[in-house]
Amino acid sequence: MERVVLRTHYSNEINPGMDGEEVVVAGWLHERRDLGGLLFLILRDREGIVQVTLRKDKTSEELLERVRRLSKESVISVRGVVRSDKRAPNGYELIPREIKVLNVAATPLPLEVSGRIKSELDTRLDSRFLDLRNPRNREIFRIRSEVLKTIRSFLDERGFIEVNTPKIVAAATEGGTALFPISYFEREAFLSQSPQLYKQMMMATGLDRVYEIAPIFRAEEHDTTKHLNEATSADIEAAFVDHEWVMGVLEELVAFVYENIRERCGKSLEILGVELPEVKPPFERITYTEALELLTEHGVELEWGEDLSTPAEKTLGEIMGAHYFIVEWPTSVKPYYTMPFEGREEVCKAFDLMHPRVELASGSQRIHDYEMLRASIEKHGLSPESFKFYLEAFRYGMPPHAGWGLGIERLLMTMLEIENIREVILFPRDRRRLVP
RNA sequence: GCCCGGGUGGUGUAGGGGUCUAUCAUGGAGCCCUGUCGAGGCUCCGACUCGGGUUCAAAUCCCGACCCGGGCGCCA
């Protein structure tokens, strides 16, 4: 049986030097320009566009008829001969020998794929598959893929082991954020808000350095351009190190991601119209108390012990102007597993990595002493009983350890200067949106 | 959840008591055109979120619902 070839080349694999060669390209009918005796079809694939040129006097009536009324965004495969011509886009065009119509697109389209008429985000998300045919929107996801690869290779290089922890968990273990309850056979369970407890338990195994890139679920009813109810978190945890060490990993990672994306995603960045700034570690560090003083100087008053409000975060971002760390947080605003400073228990070894626009990551050195952790859980008004499975790991030899969690969507939106976080995730889940 | 703004053809918009038989662009249907590249020209098609109210008259004003955007809150 003969194999049907629907594609031999992507559009970017063809050049004017291939004049006379036969190729098969496949994609979507981006545009049709009928000049009467001349008909141009613009085919779009993942890598760009190809012009297919049909001359009325040199093309069979049958072929002309097939494409003349073909709707935009229909799927076609074109077998044709490359013809070098400087009048054509990219310097070449295809003279078709055969055009297969693989699927006809219905009309009218729910949005303008060309991007000539900008649709609202809501309209775009309703027809996300079409929205992502627009190169500008699609390239975000190429970069996203490259960012994830970069993070993996960076952490692999440093001896981290990738792990997968459960996303269905037994209880609202950490307190704080709201969880999504689900039905788990005869019991109630929850979607995991963070791999925190499990990655810490990994420190009691001897795996030493672990990371996980996975979804996190938060049932908060936030309604902003920087929150999602299902997001992606890159988490690390490392044993025999302190918070300073993991901060170093974090800032070097962020800088490496910028450098790598600049190097490997030049074309995508160009399509997005983004020029990545130089990001050089070490990032500036300010203590929580210093942050409050800075804010006071700029007319934003906060009580010591309060978490930063959105306006405070914005003002600080304007002052700092680049990535920075906020360190030495009040112990009271950070979770129970955070290690306080010895001798001044009111502050702890926690840090937030900030981009001028938004918080990117937070982490800390953890409490590794069983009794201390137990006491801290109680102090936070939580019950050690419900943390038994976690606490057990601290009874039989838990090394000192530290870690952080980095929001992938936050990283992407700040890197690519995208206003709404929903744009950097394929199918965002927010307060109102569950479909598609 | 609170505050502010909004909902007009498939998409994006103009219009803010009668002049609306509702503007423009894009799109769709069709015709013309041999070098388009946001092709061009001509013809046609297609809309006032829903429910109540005010008024001689409502896309326009009022009330409610639903939906959208922004700001905030919530969120280690």
Side-chain angles (χ1 to χ4, degrees), chain A residues 30-42 44 48-59 68-69 71-73 83 85-93 105-127 130-131 134 173-179 193-194 196-197 216-229 231 233 235 307-314 326 329-338 348 350-353 358-359 361-364 366 380 382 403-405 407 410 419-420 422 430-433:
Chain A
H30 187 61
E31 241 172 286
R32 188 187 44 239
R33 299 190 194 112
D34 191 344
L35 274 65
L38 240 191
L39 175 64
F40 297 111
L41 300 179
I42 311 298
R44 187 191 66 247
I49 57 160
V50 186
Q51 174 166 292
V52 179
T53 305
L54 295 91
R55 277 164 200 282
K56 209 179 217 169
D57 54 0
K58 290 179 182 167
T59 311
R68 192 173 290 150
R69 279 180 189 80
S71 57
K72 273 192 188 185
E73 296 303 320
R83 210 178 78 92
D85 191 322
K86 59 179 183 305
R87 289 172 301 184
N90 306 329
Y92 72 86
E93 61 194 9
T107 57
L109 297 163
L111 50 77
E112 218 56 55
V113 172
S114 66
R116 209 173 296 164
I117 303 290
K118 293 247 179 288
S119 302
E120 283 181 20
L121 185 57
D122 197 53
T123 307
R124 293 172 45 200
L125 292 175
D126 281 339
S127 301
L130 263 183
D131 179 50
N134 180 313
T173 44
E174 292 182 49
T177 196
L179 302 194
Q193 66 183 99
S194 135
Q196 181 66 30
L197 271 37
I216 54 171
F217 306 92
R218 307 216 166 160
E220 293 300 333
E221 301 203 354
H222 30 226
D223 187 10
T224 77
T225 52
K226 57 182 189 188
H227 289 275
L228 290 166
N229 292 292
S233 175
D235 272 87
D307 209 342
L308 298 185
S309 63
T310 306
E313 219 175 86
K314 278 184 184 160
I326 304 176
W329 284 82
T331 308
S332 56
V333 307
K334 289 294 179 185
Y336 59 81
Y337 49 74
T338 311
C348 64
F351 58 87
D352 278 9
L353 171 63
V358 71
E359 176 191 332
S362 65
S364 65
R366 326 297 193 186
H380 278 79
L382 299 163
W404 45 253
R410 295 265 180 103
E419 290 301 318
N420 196 315
R422 281 159 256 245
D430 63 35
R431 181 68 187 89
R432 297 185 200 89
R433 187 175 284 276

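- A:R432 has a side-chain polar atom (N or O) that falls below the 4.0 Å cut-off from OP1 or OP2 of B:C68.
- Checking B:G5 for Watson-Crick or G-U wobble geometry (two distances, each under 3.5 Å) identifies B:C68 as its partner.
- Residues A:R433 and A:D126 are paired through a salt bridge, judged by an N-O separation under 4.0 Å between the basic side chain and the carboxylate.
- Looking at the side chain of A:S119, the nearest of the listed nucleotides B:C37, B:G12, B:U26 is B:G12.
- Taking atom NZ of A:K56 as the reference point, atom P of B:U34 lies 8 Å away to the nearest angstrom.
- What separates CG of A:L308 from C1' of B:C74 is a distance of 15 Å, to the nearest Å.
- Spacing between atom CG of A:D223 and atom P of B:C4 amounts to 16 Å, rounded to whole angstrom units.
- Among the heavy atoms of the strands, none lies under 4.0 Å from A:E73.
- The side chain of A:T310 lies closest to B:G73 when the candidates are B:C74, B:G73, B:C68.
- Between B:A14 and B:G52, the distance separating the two C1' atoms is 28 Å to the nearest Å.
- Across all strands shown, A:S71 has no heavy atoms under 4.0 Å from either base or sugar-phosphate atoms.
- Residue contacts shown for A:E120 are limited to sugar-phosphate atoms, with no base heavy atom under 4.0 Å away.
- Look at CZ on A:F40: it is 14 Å from P on B:G40, rounded to the nearest Å.
- For the P atoms, the distance from B:G16 to B:U26 is 24 Å, rounded to whole Å.
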Inset, instruction - Kindly indicate, with the supporting measurements, whether the criterion salt bridge (Lys or Arg N to Asp or Glu O under 4.0 Å) is fulfilled by A:E73 and A:R44. - result: CA-CA 9 Å; A:E73 296 303 320; A:R44 187 191 66 247; 2.8 Å; yes
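- Atom pair A:K72:NZ and B:G38:P shows a separation of 13 Å (rounding to whole Å applied).
- Nucleotides of RNA chain B nearest to A:T107 and A:L35 differ in position, and the one nearer the 5' end is that of A:T107.
- Here A:P110 lies in heavy-atom contact (under 4.0 Å) with sugar-phosphate atoms only.
- Looking at heavy-atom distances under 4.0 Å, A:N420 makes contact with sugar-phosphate atoms alone, never a base.
- Nucleic acid contact class of A:K226 (heavy atoms, under 4.0 Å, all strands): none.
- Comparing B:U36, B:G27, B:G12 by their closest approach to the side chain of A:I117 singles out B:G12.
- Listed nucleotides B:U34, B:G69, B:G10 differ in distance to A:D122; the shortest reach to its side chain belongs to B:G69.
- The listed nucleotides are B:G73, B:C68, B:U11; the one nearest the side chain of A:P311 is B:G73.
- In this structure, the side chains of A:H222 and A:R431 stay at 4.5 Å or more apart for every pair of heavy atoms.
- Listed pair A:R116 / B:A39 meets the phosphate criterion, a side-chain N or O lying under 4.0 Å from OP1 or OP2.
- Note: CD (A:E220) to C1' (B:C72) measures 15 Å, nearest angstrom.
- Distance CG (A:N229) to C1' (B:C74): 11 Å, rounded to an integer number of Å.
- Using the Watson-Crick or G-U wobble rule with both distances under 3.5 Å, B:C61 pairs with B:G53.
- Looking only at side-chain heavy atoms (C-beta outward), A:R32 and A:L39 come within less than 4.5 Å of each other.
- Put simply, A:R69 has a side-chain N or O that comes within less than 4.0 Å of OP1 or OP2 on B:C31.
- In this structure, B:G73 makes no Watson-Crick or G-U wobble pair, since no nucleotide meets both defining distances under 3.5 angstrom.
- A:T225 comes within 4.0 angstrom of the backbone, heavy atoms only, and of no base.
- Across the strands present, B:G17 finds no partner; the criterion is a Watson-Crick or G-U wobble pair with both atom distances under 3.5 angstrom.
- Contact between the side-chain N/O atoms of A:K118 and the OP1/OP2 oxygens of B:U13 is not found at any separation under 4.0 Å.
- Under the Watson-Crick or G-U wobble criterion, with both distances below 3.5 Å, B:C42 is paired with B:G30.
- Two residues are said to be in side-chain contact when any heavy atoms from C-beta on lie closer than 4.5 Å; A:I326 and A:L308 meet this criterion.
- Counting non-hydrogen atoms under 4.0 angstrom, A:D34 reaches a base of the nucleic acid.
- Atom-to-atom distance recorded for A:R366:CZ and A:T338:OG1 is 7.0 Å, nearest 0.5 angstrom.
- Within the nucleic acid shown, A:A350 has no heavy atom closer than 4.0 Å to any nucleic acid atom.
- A:T123 comes within 4.0 angstrom of sugar-phosphate atoms only, judged by non-hydrogen atoms across all strands, and of no base.
- Comparing B:C32 with B:U23, their C1' atoms sit 27 Å apart, to the nearest whole Å.
- Across the strands present, B:C24 finds its partner in B:G12; the criterion is a Watson-Crick or G-U wobble pair with both atom distances under 3.5 angstrom.
- For B:U36, the base has a donor-acceptor partner in the side chain of A:Q51 [N/O atoms by modelled type, under 3.5 angstrom].
- Between the CZ atom of A:R410 and the P atom of B:C75 there is a distance of 14 Å, given to the nearest Å.
- Judged by distance alone, with hydrogens and angles left aside, the side-chain atoms of A:N134 form a donor-acceptor pair with the main-chain N or O of A:V113 at under 3.5 Å.
- For the side chain to side chain contact (heavy atoms under 4.5 Å, CB included) with A:H227, the lone residue among A:R410, A:E221, A:R422 that qualifies is A:R410.
- Using a 4.0 Å heavy-atom cutoff across all strands shown, A:R83 reaches at least one base atom of the nucleic acid.
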